[in-house]
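In what follows, a structure is listed as structure tokens, so that the remarks can point back to it.
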Amino acid sequence: MEKKELLYEGKAKKVYTTEDPDVLIVSYKDDATAFNGEKKGTIVGKGAINNRMSNHVFKLVEKAGVPTHLIEELNDRETAVKKVEIVPLEVIVRNVAAGSFSKRLGVPEGTPFTAPTLEFSYKNDELGDPLINDYFAIALNLATREEIEKITEYAFKVNDVYRAYFAQLGIDLIDFKIEFGRCKGEIILADETSPDTCRLWDSKTHEKLDKDRFRRDLGNVEEAYQEVFKRLGLS
Ligand code: TMP
């Protein structure tokens, strides 16, 4: 599988076409941004960690019955994936209060929930990915009711799989963001799952092992990514 043309360059990944119109190659970068691109930096080794971690956990959710875009890991940084039309929603599942939830609702970070929550943001950089609900998504034709139902079902299933898996590694899954795509009329899990897109706290010490170390200038950013990679058995 060979890269042909650069189709798109995002903040953390490049996407290339291949000879097969149904297949793209994603190439993960070490670049990191936060606050809608206002803060920029590099997390050395991040591209390889995010690529390999994402593929590893996508295989787990596949086994649990959630289809994903994964075709084949090509090397440390690159993966062949099914071409999808991205549903322009950031789908966020939370198990414990943190981040924007804590800020918006005045609930201290670390407060556990009695049940997981689900929220949607409209993927739109100009607007700063505003929080919306399912009615907004349908009214704006971002997704159909059937698609929203499928996405909701899959998102909670993904949470169950990830949460149980990370717990075994001594990591609490606080929250995460996923994205879905349309592929041949089906909704499938796309984009990535990595320390860029999850909050991962050490179960015992509650140390943050994710991108919040970069967002909040907490130091030891690379070390946190490496620690997650090691616990996944990938290093
Ligand atoms: P939030 O608390 O800032 O809304 O973030 C919720 C989760 O979503 C957290 O695990 C980080 C992740 N996330 C992204 O993956 N991309 C983003 O652009 C943002 C703002 C959050």
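Everything quoted here is computed from the prediction, not taken from an experiment. Sequence positions, counted from 1, serve as the residue numbers for this chain. One-based numbering, in listed order, for ligands and for the atoms of each.
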Parallel, tilted or perpendicular: rings of Trp201 and His206 (30°, 60°): perpendicular

Proximal atoms of ligand 1 relative to Asp196 (non-hydrogen, under 4.0 Å): 15 (O)

Single hit among Asn95, Thr117, Asp175 for side-chain hydrogen bond (donor to acceptor under 3.5 Å, both in side chains) with Asn159: Asn95

Atom NZ of Lys157: over 12 foreign heavy atoms under 6.0 Å: no

Best match, Lys177, Glu90, Arg94: closest heavy atom to atom 14 (C) of ligand 1: Lys177

Region of Ser100 that comes within reach of ligand 1 [heavy atoms, distance under 4.0 Å]: both

Polar atom proximity, Asp175 to ligand 1 (N or O, under 3.5 Å): yes

CZ/Phe35: more than 12 non-hydrogen atoms of other groups inside 6.0 Å: yes

Those atoms of ligand 1 less than 4.0 Å from some heavy atom in Thr197: 10 (O), 12 (C), 15 (O)

Contact with ligand 1 for Asn36, non-hydrogen, under 4.0 angstrom: no

Proximity winner for atom 21 (C) of ligand 1, if only heavy atoms of Arg215, Arg104, Lys123 are counted: Arg215

Side-chain donor-acceptor pair present, Arg94, Ser102, cut-off under 3.5 Å: no

Candidates Thr68, Val66, Thr79, Val158 - the one meeting side-chain contact (heavy atoms from CB on, under 4.5 Å) with Phe58: Thr68

Any protein heavy atom < 4.0 Å from atom 9 (C) of ligand 1: yes

Location of contacts on Asp210 toward ligand 1, heavy atoms closer than 4.0 Å: neither

Numbered atoms of ligand 1 (with element) below 4.0 Å of Gly99, judged on heavy atoms: 2 (O)

Nearest-option assignment for atom 5 (O) of ligand 1, heavy atoms, candidates Glu179, Lys11, Arg199, Lys103: Arg199

Per-atom contact, atom 19 (C) of ligand 1, protein heavy atoms, under 4.0 angstrom: no

Sequence neighbours excluded, every pair satisfying salt bridge (charged side-chain N to carboxylate O under 4.0 Å, His left out) that has a member inside residues 129-144: Asp134-Arg145

Audit row: Tyr162, Phe176, ring-ring contact (aromatic ring centres under 6.0 Å, His included) steps and yes/no: CA-CA 10 Å; Tyr162 285 175; Phe176 61 93; 5.5 Å; yes

Numbering as shown, the atoms of ligand 1 that approach Phe176 to under 4.0 Å (heavy-atom distance): 10 (O)

Sole candidate of Asp196, Thr197, Asp191, Thr193 that passes side-chain hydrogen bond (donor to acceptor under 3.5 Å, both in side chains) when paired with Lys177: Asp191

